[in-house]
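Since the structure comes first, as structure tokens, the remarks are kept for the end.
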Amino acid sequence: MKKLPDGSKEQIVGIAVRVDPSGHAVFCQPSDPKGSALSIKLADVACTQVKAGYRAETKDEAGTPIALIVGMRAKFESETP
């Protein structure tokens with residue numbers, strides 16, 4: 001990012017992602033829904049990116065693809081010092 005809205009150098013936000021058996025992110029939300037307005041906004045950006053490009057198929061011991069919920073953290077850094 002060129003500049004974070006609050007002027008900070010970096011922000012880290014947590015998201016919870018539901019992944020379907022085919023490995024695609026099908027649902028995403030902030031890990032802390034009561035966080036600051038900025039962290040909620042950045043979590044929404046992270047969720048958009050994850051849903052657009054995340055793919056990781058997970059299988060159980062029998063080799064059957066399974067759905068799961070994954071916790072992730074996204075780091076946003078300002079390009080300006």
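None of the values given here were measured: they were computed from a predicted structure.
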**Prompt:** Do side-chain atoms of Ser78 reach the backbone of Lys9 as a donor and acceptor pair under 3.5 angstrom?
**Reply:** no

Exercise answer: donor-acceptor pairs, residues 42-55 side-chain atoms, under 3.5 Å, sequence neighbours excluded:
residue	atom	partner	partner atom	Å
Thr48	OG1	Asp44	O	3.0
Arg55	NH1	Ser22	O	2.1

**Message:** Holding to side chain to side chain donor-acceptor pair (under 3.5 Å), I want the full list of residues that pass it with Asp6, two or more places apart in sequence or in another chain.
**Reply:** Ser8, Gln11

**Prompt:** If every non-hydrogen atom of Glu57 is compared with every non-hydrogen atom of Pro21, which pair is closest and at what distance?
**Reply:** CG-O, 3.6 Å

**Message:** If I compare all heavy atoms of Ile66 with all of Leu68, which pair ends up nearest, and what's the gap?
**Reply:** O-CD2, 3.9 Å

**Request:** Calculate, to the nearest 0.5 Å, the distance between atoms CZ and CD1 belonging to Phe27 and Ile15 respectively.
**Result:** 11.5 Å

**Request:** Starting from Ile40, walk the hydrophobic network (Ile, Leu, Val, Met, Phe, Trp, Tyr; side-chain heavy atoms closer than 4.5 Å) and list everyone else you reach, by chain and number.
**Result:** none

**Asked** So does Glu10 pair up with Lys75, basic N to acidic O under 4.0 Å?
**Response** yes

**Prompt:** Looking at side-chain heavy atoms only, is the closest gap between Val17 and Cys28 below 4.5 Å?
**Reply:** yes

